[in-house]
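Following: one structure in structure tokens, then a few remarks.
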Amino acid sequence: MFDPAVIVPYLPTLIEGAGITFAVSILAILLGIPCGLALCFLRQSRGRAAATAAAVYISFFRGTPLLVQLLVFFYIPPAYGLELPAYLTAVAVLTMNTTAFQAEIFRGGLQAIPRGQVEAARMLGFTHGQVRRRVLVPQMLRVTLPALTNEAIDILKSSSLVSVIAVSELLRRGRQVAAATYHPLEAYAATALMYLLLVSLIAYAGRHAGRRLSLSR
């Protein structure tokens, strides 16, 4: 029989796990934005070596499972005698993963900006860096905001995989509650509900940011 009351004493544990999930995911997304922009411009650069290196990076992180990436980068530092906290590894791998996806999102946004705007800015005396910083990047962020919101949601849901490297996030806490109560259905239902709340929070923030950007035009 489904009995939600058995989960009540363990709610603080689940809420703490949800906080870790949210912190790890948001940190990865925020770090991924400047890295994704840099990788996007590197991918679009005229230098063949730089563009190729960026393409290889994107292909690797888009073409391999996140779980495999986590395990590979979790075991690399110990192989060279370096011990890193699991949380740091989780944030680093999630950041590297989302950087590749964000770079492709930004590339799509860049292609949507009329070329004439760049030429007009150059005629006004803008330097190459000023064109990117003042003309391209603000518009790319505005155009790609819905896709960035979806990417943030994907990263939050995918962050459940970091439990395999012993990060005590929400799913790992849910497993512990299921084992302690012998009520897995209730434990995982509560875990799913907390994931839904976190995703809803990100979706709301994305819609709010979209309205603010629309008003600022």
Task: Side-chain touch Asn150/Ile105, heavy atoms, less than 4.5 angstrom - done: no
TODO: State whether Glu104 and Arg107 are salt-bridged, where the test is any N-O pair (Lys NZ or Arg NE/NH1/NH2 against Asp/Glu carboxylate O) under 4.0 Å.
DONE: yes
Task: Where Glu169 and Ser160 come nearest, the two heavy atoms and their spacing - done: OE1-CA, 3.5 Å
- [ ] Indicate yes or no for a side-chain donor-acceptor contact from Ser45 to the backbone of Leu42 under 3.5 Å, with no hydrogens or angles considered.
- [x] yes
Task: Flag, side chain of Gln69 to backbone of Thr64, donor-acceptor distance under 3.5 Å - done: yes
Open item on the list: Would you call the rings of Phe61 and Phe73 parallel, tilted or perpendicular, taking 30° and 60° as the class edges?
Closed with: parallel
TODO: Drop me the distance from Leu156's CG to Ile202's CD1, to the nearest 0.5 angstrom.
DONE: 4.5 Å
Task: Check: Leu170 main-chain N/O paired with Thr21 side-chain donor or acceptor under 3.5 Å - done: yes
Open item on the list: Counting neighbours of OH on Tyr182 that are heavy atoms of other residues, nucleotides or ligands and sit closer than 6.0 Å, is the number greater than 12?
Closed with: no
Open item on the list: Tell me whether the count of non-hydrogen atoms from other residues, nucleotides or ligands lying under 6.0 Å of OH in Tyr204 goes above 12.
Closed with: no
Task: Any donor-acceptor N/O pair, Arg173 side chain to Thr13 backbone, under 3.5 Å - done: yes
Open item on the list: So Arg172 and Val167, do their side chains get closer than 4.5 Å, heavy atoms only?
Closed with: no
- [ ] Look at the side chain of Thr127 and the backbone N and O of Gln130, then say whether any donor-acceptor pair between them is shorter than 3.5 Å.
- [x] yes
Open item on the list: So if I apply the side-chain contact (heavy atoms from CB on, under 4.5 Å) rule between Thr95 and each of Asn97, Thr99, Val93, which one comes out positive?
Closed with: Thr99
Task: Residue pair Ser200 / Leu196, side-chain heavy-atom distance below 4.5 Å - done: yes
- [ ] Flag the pair Val177 / Tyr188 as yes when at least one side-chain heavy-atom distance between them is below 4.5 Å, and no otherwise.
- [x] no
